[in-house]
Amino acid sequence: MDLPDNTRPANAYQALTQHALAGFRLLGLANGIALLLVLSFSMGIVGADIDPPDLQEAALAFTGGLACGALGLLFSYLAHFSLFRQIAAGRAGRGHWLPMVIGVLAYLCAVVAFVLGCWSTVANSSSMLHDDASYQNSNAALKVSAPAPV
């Protein structure tokens, strides 16, 4: 395959590909770290002295975000591969539209899953202090009044 005289389109295509992959990496990293933190807190690895709230919805949302991010990355690869084949063949086509739309939808679903997981974590942990035994004991210790005079 001969190299073209003008390499600007190839450089632009490579830069766009790198930016698209960086977005999927960031989203996968955010969902993965959030899932790791939620699971480690739920299992008592982190914050073992506090009773963990029910974080099943958050863990499910972060897991769904990881799955959607991986699916979006797969379809992004398929769209880029289709575009590369069109460039190599020298003809323009629309074969990349379906994988590209599915990749964008999967990316958006992964973002929504991350936001829902964060929302669920905050909502479940906001009532956590009032249900915690150590909070109730410290609250009861503060309410102890002086003994009655004899």
Side-chain angles (χ1 to χ4, degrees), residues 8-89 92-149:
R8 290 184 72 187
N11 290 341
Y13 177 74
Q14 183 180 9
L16 286 173
T17 303
Q18 291 299 320
H19 285 301
L21 295 179
F24 280 110
R25 282 188 202 119
L26 176 67
L27 194 56
L29 191 66
N31 276 311
I33 289 175
L35 179 64
L36 181 67
L37 289 174
V38 164
L39 290 178
S40 62
F41 185 70
S42 293
M43 292 171 45
I45 297 171
V46 175
D49 55 339
I50 299 172
D51 295 332
D54 184 25
L55 297 173
Q56 288 179 346
E57 294 95 9
L60 184 64
F62 291 134
T63 304
L66 273 175
C68 286
L71 188 69
L73 190 62
L74 172 71
F75 278 99
S76 174
Y77 170 76
L78 293 175
H80 284 107
F81 184 71
S82 176
L83 279 172
F84 180 74
R85 286 185 52 201
Q86 290 174 20
I87 290 170
R94 286 186 253 166
H96 63 283
W97 278 97
L98 182 63
M100 184 177 69
V101 168
I102 293 173
V104 167
L105 289 176
Y107 185 84
L108 292 175
C109 287
V111 169
V112 168
F114 181 75
V115 170
L116 287 176
C118 290
W119 188 280
S120 176
T121 302
V122 169
N124 286 334
S125 65
S126 65
S127 64
M128 179 182 72
L129 288 178
H130 303 295
D131 296 336
D132 190 36
S134 62
Y135 177 79
Q136 291 171 356
N137 289 340
S138 67
N139 213 11
L142 292 175
K143 291 180 182 179
V144 172
S145 61

> Can you tell me if T121 uses its side chain to pair, donor with acceptor, with the backbone of G117 under 3.5 Å?
Replying inline: yes
> Taking all atoms of both residues into account, what is the closest heavy-atom pair of L39 and A59, and its distance?
Replying inline: CD2-CB, 4.3 Å
> Among all residues two or more places apart in sequence or in another chain, which pass the side-chain hydrogen bond (donor to acceptor under 3.5 Å, both in side chains) test with S76?
Replying inline: H80
>> Just verifying a value: how many Å separate S42 OG and D54 CG, rounded to the nearest 0.5 Å?
In response: 8.0 Å
>> Minimum heavy-atom separation for A61 and L116, please, with both atom names.
In response: CB-C, 4.3 Å
>> Taking side chain to side chain contact (heavy atoms under 4.5 Å, CB included) as the definition, give me every residue that meets it alongside F81, ordered by chain and number, with sequence neighbours left out.
In response: Y77, R85
>> For F114, give me all partners under ring pair (Phe, Tyr, Trp, His ring centres under 6.0 Å), at least two apart in sequence or on another chain.
In response: F62
>> Applying side chain to side chain contact (heavy atoms under 4.5 Å, CB included) to V104 and L108, what does each step give before you reach the verdict?
In response: CA-CA 6 Å; V104 167; L108 292 175; 4.2 Å; yes
> For the residue pair A58 and S120, what are the closest heavy atoms and their distance?
Replying inline: N-OG, 3.5 Å
> How many angstroms lie between atom SG of C109 and atom CD1 of I102, to the nearest 0.5 angstrom?
Replying inline: 11.5 Å
>> My understanding is that only residues two or more places apart in sequence, or in another chain, count here; which of them pass side chain to side chain contact (heavy atoms under 4.5 Å, CB included) with A113?
In response: none
> A110 and N31: which non-hydrogen atoms are nearest, and at how many Å?
Replying inline: O-ND2, 3.7 Å
> Sequence neighbours excluded, which residues qualify as side chain to side chain contact (heavy atoms under 4.5 Å, CB included) partners of Q86?
Replying inline: S82, L83, R91, H96
> Residues in side chain to side chain contact (heavy atoms under 4.5 Å, CB included) with L29, at least two apart?
Replying inline: I33
> Got a second to check how far L35's CG is from L60's CG, nearest 0.5 Å?
Replying inline: 10.0 Å
